[in-house]
Amino acid sequence: MAYPHIEAILEEGGDITVGRVGPIECVASASTSVDCPVMLVRREGESFVALLRRLDRSIAKAWEQEITIDEVNG
């Protein structure tokens, strides 16, 4: 399974984090050295693979539309 946008973040020195953030059981985030374009909350019943797929697609959308996708802070 390929995740080209996650790979691009990592190749550019950024990072991907998956885990608990405060009261939220599972957050997947992508960060660069400049910003954090994507923070997703894992949906009920969402598999880990589906979360990674959604993270990869969200990174692409954030870059293409020059937006931040933040499900954590509203």
Side-chain angles (χ1 to χ4, degrees):
M1 197 164 290
Y3 301 104
H5 302 98
I6 290 174
E7 289 180 25
I9 288 269
L10 297 174
E11 287 172 3
E12 293 176 11
D15 61 59
I16 302 300
T17 305
V18 179
R20 178 178 288 279
V21 174
I24 303 171
E25 272 189 43
C26 188
V27 171
S29 65
S31 300
T32 69
S33 61
V34 178
D35 62 0
C36 183
V38 180
M39 290 188 290
L40 303 176
V41 175
R42 188 175 187 181
R43 297 173 180 160
E44 187 173 330
E46 184 175 36
S47 71
F48 184 73
V49 171
L51 177 62
L52 289 181
R53 210 172 322 146
R54 190 162 63 95
L55 179 63
D56 193 71
R57 288 192 313 264
S58 295
I59 293 167
K61 181 178 179 178
W63 283 348
E64 288 168 6
Q65 297 180 12
E66 297 182 358
I67 60 172
T68 299
I69 300 171
D70 184 351
E71 296 180 353
V72 173
N73 297 302

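Quantities reported herein were computed from a predicted structural model and do not represent experimental measurements.
- Residues Thr68 and Asp35 are not in side-chain contact: their nearest non-hydrogen atoms beyond the backbone lie 4.5 Å or more apart.
- Across every non-hydrogen atom of Leu51 and Cys26, the tightest pair is CD2-SG, 4.0 Å.
- Transitive grouping of hydrophobic side chains (ILVMFWY, heavy atoms separated by less than 4.5 Å) brings Leu40 and Val18 into a common cluster.
- The minimum heavy-atom distance between Ala30 and Ile16, with the atom names listed, is CB-CD1, 3.7 Å.
- Arg57 places no side-chain N or O within 3.5 Å of a backbone atom of Lys61 that could act as its donor or acceptor partner.
- The nearest pair of heavy atoms linking Leu10 to Asp15 is CD2-CA, 3.9 Å.
- The shortest non-hydrogen separation linking Met39 to Ser29 is CG-CB, 3.8 Å.
- Linking ILVMFWY residues whenever their side-chain heavy atoms come closer than 4.5 Å, directly or via other members, leaves Val41 and Phe48 in distinct clusters.
- Under a hydrophobic clustering in which Ile, Leu, Val, Met, Phe, Trp and Tyr are joined whenever their side-chain heavy atoms come within less than 4.5 Å, directly or via other members, Val38 and Val27 fall into different clusters.
- The two residues Leu52 and Ile6 have their closest heavy-atom pair at O-CD1, 3.7 Å.
- Here the closest heavy-atom approach between residue Arg54 and residue Arg42 is recorded as NH2-CA, 4.2 Å.
- Contact of the Tyr3 side chain with the Ile9 side chain is not registered, since no non-hydrogen atoms from C-beta on lie closer than 4.5 Å.
- Contact annotation: the side chain of Pro37 never approaches that of Ile59 to less than 4.5 Å [non-hydrogen atoms, C-beta and beyond].
- Rounding to the nearest 0.5 Å gives a distance of 11.0 Å between NE2 of His5 and CG of Leu55.
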